[in-house]
Asker: 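Got a structure for you, written out below as structure tokens; questions coming shortly.
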Amino acid sequence: QMSNIKYSLYKGATDLAGKLMGTLKESKFLEKGVLTPEEFVLAGEHLTHKCNTWQWEAGKPDLTNKNLPADKQYLVTKGVPCDKRIKDLQKFHEENAAELERDVEDGWVETSNPESKSAANNEGALDLDSDDDNKMQVIGGNEKAEEPILDLDDMNSDDDNMFA
């Protein structure tokens, strides 16, 4: 009951603010970090093309933003692989709190990375620049053809910048 009232107040306030402020017509991303509806759709298209765990959702018809396409109201990600669960991480941090952080001087805290300790105890960290791919784990789900990875140093400054 109380959450419905809060939501109604929030919805009314955001609707009023949207009407007073209007829709952004010119890009203010570099100045204020906000996107026009066209920039949002373009960025979402790029994200869904490059990362197949992201997808567009239409949402509820009564909550549709008229400035966005009906089938592209918001982005969701699903099926993201996670090799550690939050409960495992919480348990680990509770058991090893003294080792993970310790006070040094003048209010500074020294932290350690448990991953680097476990890697040092095993075979060490992977060298991403090496040509040995045998140690790399391949995570399935992306059946798209491999696209060449561009090196930023090889790009011309004259190339079109889709985000400019």
Asker: Which side-chain N or O atoms in residues 3-13 pair as donor and acceptor under 3.5 Å with protein atoms at least two apart or in another chain?
Answerer:
residue	atom	partner	partner atom	Å
Ser8	OG	Asn4	O	2.9
Lys11	NZ	Asp15	OD1	3.2

Asker: Please tabulate, for side-chain N and O atoms in residues 68-76, each donor-acceptor pair with protein atoms closer than 3.5 Å (sequence neighbours left out).
Answerer:
residue	atom	partner	partner atom	Å
Lys72	NZ	Glu45	OE2	2.6
Gln73	OE1	Asn65	N	2.6
Gln73	NE2	Asn65	O	3.2
Gln73	NE2	Leu68	O	3.3
Gln73	NE2	Pro69	O	2.9

Asker: Could you state the interatomic distance from NZ (Lys25) to CD (Glu38), rounded to the nearest 0.5 Å?
Answerer: 7.0 Å

Asker: Under 3.5 Å, is there a donor-acceptor pair linking the side chains of Thr36 and Ser27?
Answerer: no

Asker: Mind checking whether Leu47 and Trp56 sit in one hydrophobic cluster, side chains of I, L, V, M, F, W, Y counted as touching below 4.5 Å?
Answerer: yes

Asker: Rounded at 0.5 Å granularity, tell me how far OG1 in Thr53 sits from CD in Gln55.
Answerer: 8.5 Å

Asker: Side-chain heavy atoms nearer than 4.5 Å, only ILVMFWY residues, links allowed to pass through others: does that put Leu35 and Leu30 together?
Answerer: yes

Asker: Are Val41 and Leu24 connected in the hydrophobic side-chain network, where two residues link if heavy atoms are under 4.5 Å apart?
Answerer: no

Asker: When clusters are formed by joining ILVMFWY residues with side-chain heavy atoms under 4.5 Å apart, either directly or through shared neighbours, do Val34 and Phe40 land in the same one?
Answerer: no

Asker: Which one of Asp88, Leu89, Asn96 satisfies the side chain to side chain contact (heavy atoms under 4.5 Å, CB included) criterion with Phe92?
Answerer: Asn96

